[in-house]
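Order of appearance sets the numbers: ligands from 1, and atoms from 1 within every ligand. Values below: all heavy atoms of this structure, side chains included; hydrogens, waters and symmetry mates excluded.
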Amino acid sequence: MTSEPVILVEHRAGVRTLILNRPDRLNAANDALLLTLTAELEAADADPSVRVVVLTGAGRGFCAGQDLGDVSGRDMTFTEHLHRTYNPLIRTIRGLGKPVITAVNGVAAGAGASLALSGDLRLWAESALLIEVFSNIALVPDSGSTWFLPRLVGYHRAFELMALAERVNAEEGLRLGLCEHVYPDATFREEVQAYAERLAARPAHALKLTKQALNAALTSTLDEALDREAELQQLAGDHWEHEEGVTAFRQKRPPQFVRGE
Ligand code: T3D
């Protein structure tokens, strides 16, 4: 008997799309899904033909968080489970040397909400919903929600969203800065692909360094950020992308940052 893969992989025009594929459970995460997703992200990082990664969900949900059917009788503590599954996944996304877009096609709840917030860019469909649902089952927000959310909305709004498990729809998500853009459900996949291809045409090496600098700056002083910028700027300036950008500017043509790599 063949079972459906928990992660579907598509690749077009430098964009690797990883699709959580347990639609009858709103893509609630079991261990197979979490470990496969992390492995696919690592593979995308190592593959030079991948310039941008998109994470999205099959069916009407993005990810309903931990599969609650898998918790009882589990031979692992919560701490061990988080260290083995969710934490490596979130660390891999934040540390990936390529932009990750979380394309939130529907409900993102619990660790699914954390996953939705973990992208470098967050695109939502009109029917997207974000719910810090943890308190409904008397758990603490995990998988990075306590780090991402207060940085986006401040401590008090974050606490309210977590304590009351309020539903944030796309209009409110955009207003709160939980996503960059909202697209109609009917054209969501096409809009996400077009956006990702626009990003894929940008200078990949410079964006990798930019992501590195921004992530480090979130937890460092201005002095440290200035020193880091000076170091990373040298790496950027020594790269062919920089020469191409300057040459294209002088020649009054668009820069060509995609080469056979
Ligand atoms: O290490 C650790 O384990 C700790 C880590 C914790 C991380 C977490 O993520 S804790 C939070 C876990 N998630 C939840 O508590 C969410 C539970 N789900 C819901 O609250 C609702 O399903 C939603 C608000 C997400 C969506 O509601 P709705 O009305 O649109 O859909 P539904 O009818 O509730 O769900 C559709 C189906 O998906 C349904 O199955 P059925 O009845 O058609 O056979 C439902 O049981 C299933 N489903 C939804 N979420 C989960 C799930 N099945 C297993 N686990 C889920 N999380």
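Ranking protein heavy atoms by distance to atom 1 (O) of ligand 1, first place goes to H81 ND1, 2.5 Å. Among all non-hydrogen protein atoms, the one lying nearest atom 13 (N) of ligand 1 is A64 O, 3.0 Å. Taking atom 44 (O) of ligand 1 as the reference point, the nearest protein heavy-atom neighbour is R25 NH1, 3.2 Å. Nearest protein heavy-atom neighbour of atom 20 (O) of ligand 1: V133 CG2, 4.0 Å. The closest protein non-hydrogen atom to atom 6 (C) of ligand 1 is D142 OD2, 3.3 Å. Looking only at heavy atoms of the protein, atom 54 (C) of ligand 1 is closest to D67 OD1, 3.3 Å. Considering only non-hydrogen protein atoms, atom 34 (O) of ligand 1 sits nearest to L26 CD1, 5.0 Å. The single protein non-hydrogen atom nearest to atom 33 (O) of ligand 1 is R60 NH2, 4.0 Å, given as residue, atom name and distance.
Listed by number with element, the atoms of ligand 1 under 4.0 Å from a non-hydrogen atom of D24 are 37 (C), 38 (O). Ligand-side atoms of ligand 1 in range of I131: 24 (C), range being under 4.0 angstrom from any heavy atom. Atom numbering of ligand 1 starts at 1 in the shown order; those under 4.0 Å from a heavy atom of G110 are 9 (O). Residue contact check: G65 has heavy atoms under 4.0 Å from atoms 9 (O) of ligand 1. Contact atoms of ligand 1 toward R167: 24 (C) (distance under 4.0 Å to a heavy atom of the residue).
Using cut-offs of 30° and 60° for the angle between ring planes, the Y183 and F188 rings count as tilted.
A salt bridge does not link D120 with K98: every distance from a Lys NZ or Arg NE/NH1/NH2 to an Asp or Glu carboxylate oxygen is 4.0 Å or more. At a threshold of 4.0 Å, the pair E172-R157 counts as salt-bridged, since one of the basic side-chain nitrogens sits closer than that to a carboxylate oxygen. The pair E241-K208 does not count as a salt bridge, with every side-chain nitrogen at least 4.0 angstrom from each carboxylate oxygen. Classification of R189 and E10 as a salt-bridged pair holds, one side-chain N sitting under 4.0 Å from a carboxylate O.
Checking S114 against S145 by side-chain atom types alone, a donor-acceptor pair falls below 3.5 Å.
Distance screen at 4.0 Å: atom 30 (O) of ligand 1 has a protein heavy-atom neighbour inside the cut-off. Atom 10 (S) of ligand 1 is flagged as protein-proximal [any protein heavy atom, distance under 4.0 Å]. Distances from atom 38 (O) of ligand 1 to the protein include at least one heavy-atom value under 4.0 Å.
With distances taken over non-hydrogen atoms, the option nearest atom 12 (C) of ligand 1 out of E80, R84, Q66, R74 is Q66.
The closest approach between a heavy atom of T85 and any atom of ligand 1 is not below 4.0 Å. Using a non-hydrogen distance threshold of 4.0 Å, M76 does not register as a contact of ligand 1.
For ligand 1, one of its N or O atoms has an N or O atom of L68 under 3.5 Å away. Annotation: A111 places an N or O atom under 3.5 Å from an N or O atom of ligand 1; distance criterion only.
A cation-pi arrangement is absent between R122 and W124 under the rule of less than 6.0 angstrom and at most 45 degrees off the ring axis.
Both L55 and V9 are members of a single hydrophobic cluster when ILVMFWY side chains are connected at heavy-atom separations under 4.5 Å. Both Y86 and V104 are assigned to one and the same hydrophobic cluster, defined by single-linkage of ILVMFWY side chains at heavy-atom distances under 4.5 Å. Cluster membership check: L218 does not share its hydrophobic cluster with L209, using side-chain heavy-atom separations under 4.5 Å among Ile, Leu, Val, Met, Phe, Trp and Tyr.
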Next item on the list: Begin with the C-alpha distance, continue with both residues' side-chain angles, and end with the deciding distance and a verdict on salt bridge (Lys or Arg N to Asp or Glu O under 4.0 Å) for R253 and E244.
Entry: CA-CA 10 Å; R253 63 168 174 84; E244 165 60 11; 2.8 Å; yes
Next item on the list: List the steps, then state whether side chain to side chain donor-acceptor pair (under 3.5 Å) holds for D70 with Q66.
Entry: CA-CA 8 Å; D70 274 21; Q66 170 62 35; 5.1 Å; no
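Annotation: side chain of V153 is in contact with side chain of L176 (closest heavy-atom distance under 4.5 Å).
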